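The model shown is predicted, which means the values in this text are computed figures rather than measured ones. As the structure lists them, so they are numbered: ligands from 1, and atoms in each ligand from 1. Sequential numbering from 1 along the given sequence is applied to the chain's residues.
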Amino acid sequence: MFEKLSRNGKRIQSADSLPARTSPAFESANDMKILNFGSLNIDFVYSVDHIVQPGETIASTGLEIFCGGKGLNQSIALARAGADVSHAGMVGPDGGILIDALTGNGVDTSLLRQVETRSGNAIIQVGADGQNCIVLYGGANRMNDRDYVDVVVRSFAPGDILLLQNEINLVDDIIARASAHGMVIALNPSPFDSAMTACDLDKVSVFIMNEVEGEQITGRRDAESILQAMADRYPEAEVVLTLGGDGAVYQYAGETVLAPAIPVPVVDTTAAGDTFTGYFLAARMRGETPAEAMRQATRAAALAVSRPGATPSIPVREEVLAGL
Ligand code: RIB
């Protein structure tokens, strides 16, 4: 994939050079706050020999319960990466453990609300090869209403970043209101479904997605075609495409930064993408170059893959920097 991009004449940025054009998304770097409006889940993680097949019943060899949710994981990754992050969203009466996980990591939870509906949860199978599959129950994550969205968005200033995933309701409305308020929108379109197609993605300044989501957005299959389609459709956006064991690619204004994956023993891939997202954005918010942000994010994701669970697998910044 990397050789192909080079052969096709794309401008490949060396890890130490500065980009010719800088994205306006991070022009107030060092002076911007980040709001993560996202899910909070209780993860029930079953260890299995292989992911269960249709009609099959298998015994798991272990059950562990972790805090998770793409939103919560990304907030914790941002905080462990050194960012000043606020998390907005809904939890149920059982959500104390989720709030504690955020506050324990230094995330501002003052905008979180508690509702009667139980918190979101996820049933996760992790196979012997470290790969997973996930079934979500939205619960409180789907109880956001427009008044709450208004209160949350108005708590931030134009130029601040809004990070979204797709595990809560009203994502289209949140994008519209935050954009009208002048916030910079970063989107991890995961999991991709019809709610994403209802969103005005022209308002997104930073996309961080994997190849599956890239195909769902663009209808293209291979990484190179996905990146080309994203550049054609969203020429003003920074795009990061993660490629699992093949690393990740950053693209903006005709420049491409490639970050090869760091080989590690794969224990559990859960939250590796969330870790990548948090570390990439935290570095960009500090004004670090895309190349540096990609290096840190790739290293952080590799560490996450080599450990079990969602939030417990997310490294702290010192570990990530030590490995660079
Ligand atoms: O990205 C991993 C997360 O996806 C898990 O923590 C689970 O809750 C689901 O949201």
Ser39 touching ligand 1 at heavy-atom level, < 4.0 angstrom: no
Those atoms of ligand 1 less than 4.0 Å from some heavy atom in Ala122: 7 (C), 8 (O)
Residue selection (non-hydrogen contact nearest atom 8 (O) of ligand 1) among Ile124, Asp43, Asp274: Asp43
Contact atoms of ligand 1, heavy-atom distance to Leu136 under 4.0 Å: 9 (C), 10 (O)
For atom 10 (O) of ligand 1, closest protein heavy-atom neighbour: Glu167 OE2, 2.6 Å
Check against side-chain contact (heavy atoms from CB on, under 4.5 Å), Asp160 and His181: CA-CA 10 Å; Asp160 285 340; His181 190 55; over 6 Å; no
Gly68 neighbourhood, listing ligand 1 atoms whose heavy-atom distance to it stays under 4.0 Å: 6 (O), 8 (O)
For atom 3 (C) of ligand 1, closest protein heavy-atom neighbour: Asn73 ND2, 3.6 Å
Closest approach of any protein heavy atom to atom 4 (O) of ligand 1, naming residue and atom: Lys70 NZ, 3.0 Å
Gln228 and Glu224: side chain donor to acceptor below 3.5 Å: no
Rounded distance [0.5 Å steps], OG1 in Thr117 versus CG in Asp94: 10.0 Å
Residue pairs passing the ring-ring contact (aromatic ring centres under 6.0 Å, His included) test where at least one lies in residues 251-308, sequence neighbours excluded: none
Whether Asp268 side chain and Gly309 backbone form a donor-acceptor pair below 3.5 Å: yes
Atoms in ligand 1 with a heavy atom of Ala310 nearer than 4.0 Å: 6 (O)
ILVMFWY cluster membership beyond Val151 - transitive side-chain contacts under 4.5 angstrom: none
Parallel, tilted or perpendicular: ring planes of Tyr148 versus Phe37, cut at 30 and 60 degrees: perpendicular
Atom indices of ligand 1 within 4.0 angstrom of Ile134 heavy atoms, with elements: 4 (O)
